[in-house]
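What follows is a single structure, written as structure tokens, with notes after it.
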Amino acid sequence: MRYQEFQEAIVLVTGGTQGMGLAIARRFAEEGATVITCARREADADHPGHHFTADLSTPEGVETLARQVKERFGRISILVNCVGGSSSPGGGFAALSEQHWRDELNLNLLAAVRLDRVFLPSMLAANGGVVIHISSIQRRFPLYESTLGYAAAKAALTTYSKGLANEVAPKGVRVNSLAPGFIETEAASRLIDRLAKESGTDREAARRNLVSGLGGIPRGLPGAPEDVAGAVLFLASEDARNIYGAELVVDGGTMPVV
């Protein structure tokens with residue numbers, strides 16, 4: 001156990017039943033934290049912590065989760081907004097309808113905004129807390145042929161995170177974002193399947209095209225959900241006590257940085 005400070009923490013991880021969200025929830029549980037997760041699907045039997053089912057892409061789903069968490073736990077000390085993804089069709093801007101744009105923004109931007117709105121007040125009242133938003137390197141490298149709406153929503157999420165961090169920092173709450181690159185998750189596998197079908201290629205060709213579209217991976221290997229989980233725990237810990245309004249990139253070197 002590395003971060004003994006989390007033994008007193010109550011952590012909410014959204015999108016916590018698979019992929020990065022599940023890996024994050026497991027790491028916090030291993031460190032002794034009280035872990036709460038939420039997703040549209042039910043959790044598996046070996047899921048860590050407490051789970052609530054709700055559709056966080058809707059205001060009603062966020063309100064339901066907030067009520068359940070407050071009734072059972074009172075308040076949380078760490079919020080990790082990991083819920084996200086894309087179900088819009090490929091084909092560029094012309095393929096995206098008004099509803100597609102609404103769906104992308106509701107899931108990838110407004111879910112985090114609404115969750116912050118209901119959980120930040122208690123953090124501010126306690127003069128302490130941590131909020132981490134999971135963004136994406138697609139905010140810098142939008143895949144316009146396949147996930148344009150998702151990329152735009154994640155760019156907005158990063159900008160929102162920076163502004164929110166500046167607002168709440170004087171009151172003891174730290175807000176940061178984390179931008180994963182290509183991470184081998186269930187969602188990534190579904191995206192590869194969709195791209196292969198839309199382009200008429202096989203999965204391996206679609207996977208190579210996806211990685212190439214993001215600029216390649218200098219490390220040579222895609223990331224794992226556990227890589228993101230480790231970075232999230234660092235950002236939530238006292239080791240990152242002076243990091244405010246930053247975005248930590250976990251992409252194997254895809255995003256060029258000088």
Under 6.0 Å from the CG atom of Asp202, do we count more than 12 heavy atoms belonging to anything else shown?
-> yes
Side chain to side chain, Leu148 and Glu104, heavy atoms closer than 4.5 Å | no
Candidate pair Gln7 and Glu31, rule side chain to side chain contact (heavy atoms under 4.5 Å, CB included), full reasoning = CA-CA 6 Å; Gln7 294 182 34; Glu31 298 294 336; over 6 Å; no
Side chains of Ser57 and Val83 in contact at under 4.5 Å (non-hydrogen atoms) | no
Basic-acidic side-chain contact under 4.0 Å: Glu226, Arg27 = no
Counting only heavy atoms not in Phe73, do more than 12 fall under 6.0 Å of its CZ?
-> yes
Rounded to the nearest 0.5 Å, what's the gap from OG1 on Thr254 to CD on Gln138? Could you check?
-> 11.0 Å
CG of Leu235 to CG of Leu248: how many Å apart, nearest 0.5 Å?
-> 5.0 Å
Does a salt bridge link Glu30 with Arg26, judged by any charged N lying under 4.0 Å from a carboxylate O?
-> no
State whether Asp55 and Arg41 are salt-bridged, where the test is any N-O pair (Lys NZ or Arg NE/NH1/NH2 against Asp/Glu carboxylate O) under 4.0 Å.
-> no
Working to the nearest 0.5 Å, report the span between OG1 of Thr159 and CZ of Arg139.
-> 7.0 Å
Polar side chain donor-acceptor pair, Thr17 to His47, under 3.5 angstrom = no
Which pair of heavy atoms, one from Ala25 and one from Thr37, lies closest together, and at what distance?
-> CB-CG2, 3.7 Å
Determine whether Val80 and Phe52 fall in the same hydrophobic cluster, where Ile, Leu, Val, Met, Phe, Trp and Tyr are linked whenever their side-chain heavy atoms lie under 4.5 Å apart.
-> no
Donor + acceptor pair across side chains of Glu247, Ser161 (<3.5 Å) | no
Yes or no on side chain to side chain contact (heavy atoms under 4.5 Å, CB included) for Ile134 and Asn81, after CA distance, side-chain angles and deciding distance?
-> CA-CA 6 Å; Ile134 305 300; Asn81 286 304; over 6 Å; no
Of the non-hydrogen atoms in Ser136 and Ala179, which two are nearest, and what is the gap between them?
-> C-CB, 3.7 Å
Would you say the side-chain atoms of Asp116 and His133 include a donor-acceptor pair closer than 3.5 Å?
-> yes
Can you tell me how far the CZ atom of Phe119 sits from the CG atom of Leu124, to the nearest 0.5 Å?
-> 13.5 Å
Tell me yes or no: between the side chains of Arg174 and Asn242, is some donor less than 3.5 Å from an acceptor?
-> no
Side-chain donor-acceptor pair under 3.5 Å between Ser237 and Glu5, yes or no?
-> no
What do you reckon, is CD of Gln99 surrounded by more than 12 foreign heavy atoms closer than 6.0 Å?
-> yes
Taking all non-hydrogen atoms of both residues, which atom of Pro225 and which atom of Gly19 are closest, and how far apart?
-> CB-O, 3.7 Å
Hey, what do you get for CD (Glu63) to CG (Leu56), rounding to the nearest 0.5 Å?
-> 11.5 Å
Any side-chain heavy-atom pair of Leu12 and Ile78 under 4.5 Å | no
Starting from the C-alpha separation in whole Å, work towards a yes-or-no answer on side chain to side chain contact (heavy atoms under 4.5 Å, CB included) for Ile10 and Ile36.
-> CA-CA 8 Å; Ile10 301 177; Ile36 310 162; 3.7 Å; yes
For Arg140, look at atom CZ and say whether over 12 heavy atoms of other residues, nucleotides or ligands are found less than 6.0 Å away.
-> no
Check whether the side chains of Ser135 and Thr158 place a donor and an acceptor atom closer than 3.5 Å, and report yes or no.
-> yes
Compute the centroid of each ring, for Phe28 and then for Phe6, and state whether the two points are separated by less than 6.0 Å.
-> yes
Crowding at CZ, Arg75 (>12 non-hydrogen neighbours, <6.0 Å) | yes
Nearest-0.5 Å distance, OG1 of residue Thr14 to CG of residue Leu65 = 8.5 Å
Tyr150/Ser88 under side chain to side chain contact (heavy atoms under 4.5 Å, CB included): CA gap, chis, key distance, verdict = CA-CA 8 Å; Tyr150 169 85; Ser88 295; over 6 Å; no
